[in-house]
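So the structure is just underneath, and the comments pick up after that.
This is a predicted model, so every value here is computed, not measured. Note that these values count all heavy atoms, side chains included, but never hydrogens, waters or copies made by symmetry.
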Amino acid sequence: MIHAILKFELKYWMKNPATYLYAAILFLFAFFSIAGAAGLFQGDISHQTLIANSPFALYQLSNVGFKLMLFVIPSMLGLSLSRDYQFQVHSLMYSYPIARSQFLIAKFMAPFLIIVILWTCFILGCFLATKLPGLEATLLLPFDLKVYFKLLIVYLLPNSLLISLIVFLINVLSRKQFPGFISIIVLLIIRETGIRLSSGFELNDLSLILEPFAELATSASTRYWDIAEQNALNIPLSSIVILNRCLVLLVCVFLAITSYRNFNFHQEAPSFLRIFKKKFRSEIRVEKEPGRSISFPFFEFGKGLFFRINQSWKLSFYELKSIVKSRAFILVLVFGTLLGFVLQAQINTPYGIKVWPLTWVMLAFPVLFYKIFIAFISFFYAGILINKAKQEDMFCLIDATSIHNWVLYSSKLLALIKIQMLILSCIFLSGILVQSMNSYYDFELHHYAFDLYCIHLPEMIIWGILALFIHTIISNTWIGLFTLALLYFGVSELPMIGIEQWIFRFNENPDPGFYLHYSDLSGYSHSLKAYFIFKVYWFIFSGILMAITLLVWKRGLIFSVKEFLRNIRQRFQGKLVFAASFLFIGFLSAGIWIHFQYRNSEIPSAEQIEIIEKESDKKWAHLEILPQPRIIGVKVNMDIYPEEFKFTSSGQYSMVNLSSSPIDSILVRTSHEVSTKFELDKSYSITLNDPDSKFNILKLECPLLPGDTVKLNFQLKSIDNTIFQKNNPVEKNGTYITSLIYPAIGYRSSKTDRKAHEEGATDNHYRSFDSDFISLELLVSTSEDQTAIAPGYLEKSYIERGRKFFKYISKSPVTSLLPKWDSS
Amino acid sequence: MRLEIQELKKTYPNGKTALNGISLRMNTGMFGLLGPNGAGKSTLMRTLATLQVPDSGSIFFNDIDVLKDPMSLRRILGYLPQDFGVYPGLSAQELLEYLCVLKGIKSASNRKMIIEHVLDLTNLTEVRKQAVSRFSGGMKQRFGIAQLLLNNPGLIIVDEPTAGLDPVERKRFLNVLRQVGTESIVVFSSHIVEDISELCHQFAILNHGEILLKSSPSESIISLKGKIWERKIQPNEDFTLTPEILQLSSNYQPDNSIVLRLFASKPPDHLCTTIIPNLEDVYFLEMLRGNFAARNTSQ
């Protein structure tokens, strides 16, 4: 009998298009990840030193693959038993003389074997990618079957078995597909909470053994590996990892036994799950008198846009209620909030120092967790909201009512937004609780509200709209969910395949984590405006998605593509055409506008500067050894205009030739961040002016003899901010300016700046190359309500023409550390 | 009130013709659709309920062109499908409130009043707080009636509602339906002849997507008066049927003899006795004629 059921189940999965979709996605994911890391998409990979298919790289890639598998496993194992109940086959099948153990083994093994096949596809993708022509050979190791085998045996299969058995047990108990997925979310939250609670940053052995996927145990022995070790070493099979794996297998045995003990061939699910259900009243069989009148009470139908909006608002509460009342959602919410609370409560643990539980800290600590959490909850419940009428077979009642499609759609969107708001509110409340527990009572409710509901919520809503769109065009909730997960993680990887412009990266924005740099002095700074512009841009796109969703909205029964297209044709008229066209033109115009705003940017990006530096080194690095005069005195006037977000500065370097030979040329390099004008107090001519690298060679008419002095006068002007780019550091309330904006004397190779661990780095300090001890005189002016702080002694401060002036001088020569100005 | 169906055709992608040029006209009152499983009744009902579209043809309810403007019909439509599910965990009252909002009933007080009324009418007031997903078949069907009444519909479509109900529930259900069917057009489909005969003023027999007969139960029965015969035969006895003598049905008796119901213009033989026709005879006769016609067409 076991063979017959197993064969039947395997046949079902092999006929299921979802199996092939999962296999294709896992294969392509592995294939392009390895090929990409080995240089398929990048032109210049000379700087890359990580081998694409080293055991460590494969282990990390398989970890990401496993995260994808977390969506696949519940979709398969969750269906193994619930399918029988869904199609009511169980009442037939359970009456046959089948042994319980055989039935369960066959039901479990079939989808699990498919999961093993999916992992094989993943490994095949890794292997075949290395055979692609045109890859960088130095970034690839020869194929080693042992490495893949070890990954499979130690990590992938035990982890998959654990997840599969959890889902299977939940399936046995609930006889439904979705609780399995919820149980995985809860498991992940518990895992994260456990890690946080047990140790913070330093992991203890117990947490290494208990963490169910052995990621921590492996990380404990690999996290200090340098690049060479990552490229060469095998993942060690430490005793902690072995213990962890043994424990996982023990848990698997326990789960299997529990599933066996709780499964029965009964019509109803195990009864202990129904203990909370209300007592059911027996049927009423009181006959009303026949033939009586049914005169209907008078009522009115609602009409007009306002009524429809109201109708949508009301319906959204029913949708919300159906979700919020479910045990699965309550579980997820409770555990999610608990983890948020733990993250907020642990602000002091990682660094071992007291951190004030300021509001921005409360918001910043759990932000990454709850953003992903809300996104995936939205993806999941969007599928539930879209498909539940069909799944519960209630669509025939709903679709025959006079409700407009857009009202039905917007009610689901509103319900989704309310769910998102509910989770954000939990983070809000837990933040307040943590602050209270730390005796911090300065509750900035407006800051909480603005950060959660004005910054993060719009981003979540856009994901929610996409989720409703995907679930409308893909009827299978799991495939929809899987697609959304791919999109969510894939969007941030678009630059890997050459799509770098923000206008093509769905729901993303420049300076992605700007809210993490919130300052009590200057708030969210410049990025907030750009963030909202991008959100408006993606909201317009979401509007187009909404229009398409309404076009393909499923109502009633559709039997052929012809009918489907006829439906679209019928719906694509009137207001919808107008709205879609308007949105499309708006989106296109906004995209072009953003694109040109970026193109007009005056300051090169960090990546562009890196390229400029490399080019510059090729041309001018040989000048690095030329003797140059040293700066001995600096006089600077700095005028900061916080209200206008700009500054101007002028000053003078006094320089002396401390070398033993005459100097005939002075090399001056100015900053990319300001516009600079300069001149020497001696006759000279400019023999080189490279506008890209901002490098100049000033040829002196009379060489500077040893001991001679020369003065360099300069004027600096900040570059105005654009909408999307902050080109200067001036803030309304708290500016921090460093000396790097001032001209530098001599040529400094970019290698000097390299980080200590990088090849070619030198020990030169970047501040020591053009000056020694200097005398310093600074005059800083700013708004009347601000104070300037600079190195040296404050000689005097005064107010003139509505501005406040601060004069700082050094009483004796100071080190070469050049000044910074704070104005706050 | 008037419902007019003209030349309705529907062929599914698998090649099955569900509706083959159906034309019907109905007025206020109960209209029965009788036919075997797979005759096309549910396709017709779903099409009338705007849940699917035909390949060609037209449907008018009063002045509403149903295929072009389904939304106008939905405002006055009450539909009870052959089989329907409900959101689990929601009580009858909650579900009715939800459906009231869907149907566009304006104020909360109106909704409350209507829900109380339909619950009372369908005798579900006492179980209004119970989850509908746990109702018995009969209670669920009464809930189905309650939900279709919410918008005081002018057109009620009820698709095989008595299938699977016990006799008491069936009776109760038909009583409720009779009460609501006095001021609307009620299209009632069934393969149980007795349902139609008890309820409907007009009926049509449908098979293979075609209308075989449209009449009133009484007229159709009268038309067979004097043409239905009964003949008792023994298990091994042969009874020869000719094209003029059609066997409508046969019933086994406790003594293992068989009683045949026959249709013939003249007495088939001297042992036959004339009997009072019923709607089942009409149904079986039309089915036989329909099958003959189909066979002749295919030959």
Side-chain angles (χ1 to χ4, degrees), chain A residues 277-278 280-288 290-303 307-308 310-312 314-315 317-319 321-322 325-326 388-389 391-404 407-408 411 555-563 566-567 570, chain B residues 12-13 46 49-53 71-72 74-75 77 79 81 83-90 94 97-99 101-107 110-111 113-114 117 120-121 123-127 129-131 133-136 138-139 144 147 149 151-152 157 168 172 175-176 178-180 182-183:
Chain A
K277 287 193 177 171
K278 288 177 193 166
F280 189 72
R281 190 184 164 86
S282 59
E283 191 169 336
I284 305 298
R285 281 185 177 261
V286 182
E287 188 72 60
K288 296 280 176 190
R292 70 193 173 125
S293 158
I294 60 145
S295 60
F296 221 79
F298 175 78
F299 67 91
E300 269 184 291
F301 284 111
K303 280 178 194 160
F307 171 76
R308 303 270 169 243
N310 192 21
Q311 200 180 14
S312 165
K314 279 204 178 76
L315 287 173
F317 280 102
Y318 288 98
E319 303 283 4
K321 203 171 161 189
S322 69
K325 269 174 75 178
S326 71
K388 75 171 179 174
Q391 269 161 4
E392 302 296 347
D393 211 10
M394 200 175 158
F395 74 98
C396 43
L397 297 186
I398 294 168
D399 292 353
T401 64
S402 57
I403 188 88
H404 286 258
V407 178
L408 215 47
S411 71
R555 185 149 188 167
L557 297 163
I558 290 177
F559 297 96
S560 63
V561 180
K562 202 174 135 194
E563 274 182 34
R566 187 167 59 182
N567 243 346
Q570 275 177 357
Chain B
Y12 288 113
R46 284 197 298 262
T50 72
L51 288 178
Q52 68 179 81
V53 284
M71 205 53 94
S72 295
R74 285 173 187 151
R75 277 191 203 104
L77 174 73
Y79 175 53
D83 194 21
F84 69 94
V86 290
Y87 293 153
L90 287 180
E94 284 171 322
E97 277 165 8
Y98 174 65
L99 288 161
V101 180
L102 283 173
K103 291 191 177 203
I105 294 156
K106 200 172 175 184
S107 71
N110 274 347
R111 288 196 290 271
M113 192 171 59
I114 290 166
H117 181 70
D120 179 54
L121 200 69
N123 199 19
L124 290 171
T125 306
E126 287 183 57
V127 286
K129 299 237 163 105
Q130 305 283 355
S133 50
R134 299 189 65 206
F135 276 7
S136 69
M139 286 164 80
Q147 66 79 27
L149 289 175
N151 54 335
N152 193 13
I157 313 277
V168 178
R172 183 181 293 124
N175 283 342
V176 174
R178 189 177 286 119
Q179 284 167 345
V180 301
T182 50
E183 289 165 10

Do you know which two heavy atoms are closest between [X] and [Y], and how far apart they sit?
| X | Y | answer |
| --- | --- | --- |
| A:D399 | B:R74 | O-NE, 3.4 Å |
| B:R75 | A:S402 | CG-CB, 3.6 Å |
| B:Y87 | A:K388 | CZ-CE, 3.5 Å |
| B:L51 | A:A400 | CD2-N, 4.0 Å |
| B:G104 | A:Q311 | CA-NE2, 3.6 Å |
| B:F84 | A:C396 | CB-SG, 3.9 Å |

Sort [X] into side chain, backbone, both or neither according to what part of it lies under 4.5 angstrom from a heavy atom of chain B.
| X | answer |
| --- | --- |
| A:K562 | neither |
| A:F317 | neither |
| A:F307 | side chain |

**Study point:** OH-CD distance between A:Y318 and B:E94, expressed to the nearest 0.5 angstrom
**Key:** 8.0 Å

Review point. Once you round to the nearest 0.5 Å, how far does CG of A:L315 lie from OH of B:Y98?
Key: 6.0 Å

How about [X] and [Y]: do any of their side-chain heavy atoms sit closer than 4.5 Å?
| X | Y | value |
| --- | --- | --- |
| A:L408 | B:L102 | yes |
| A:M394 | B:L99 | yes |
| A:E392 | B:P88 | yes |

Review point. With a 4.5 angstrom heavy-atom cut-off, which part of B:Y12 approaches chain A: side chain, backbone, both or neither?
Key: side chain

**Study point:** Selection from B:M71, B:Q147, B:Q52, B:E97 maximising heavy-atom pairs under 4.5 Å formed with chain A
**Key:** B:M71

Review point. So which of B:V53, B:L77, B:T125, B:L124 has the biggest tally of heavy-atom pairs under 4.5 Å with chain A?
Key: B:V53

Practice item. Pick whichever of A:R566, A:Q570, A:K303 has the most heavy-atom pairs under 4.5 Å with chain B. Key: A:R566

Practice item. Go through A:G302, A:S326, A:S322, A:S560 and name the one with the most non-hydrogen pairs under 4.5 angstrom from chain B. Key: A:G302

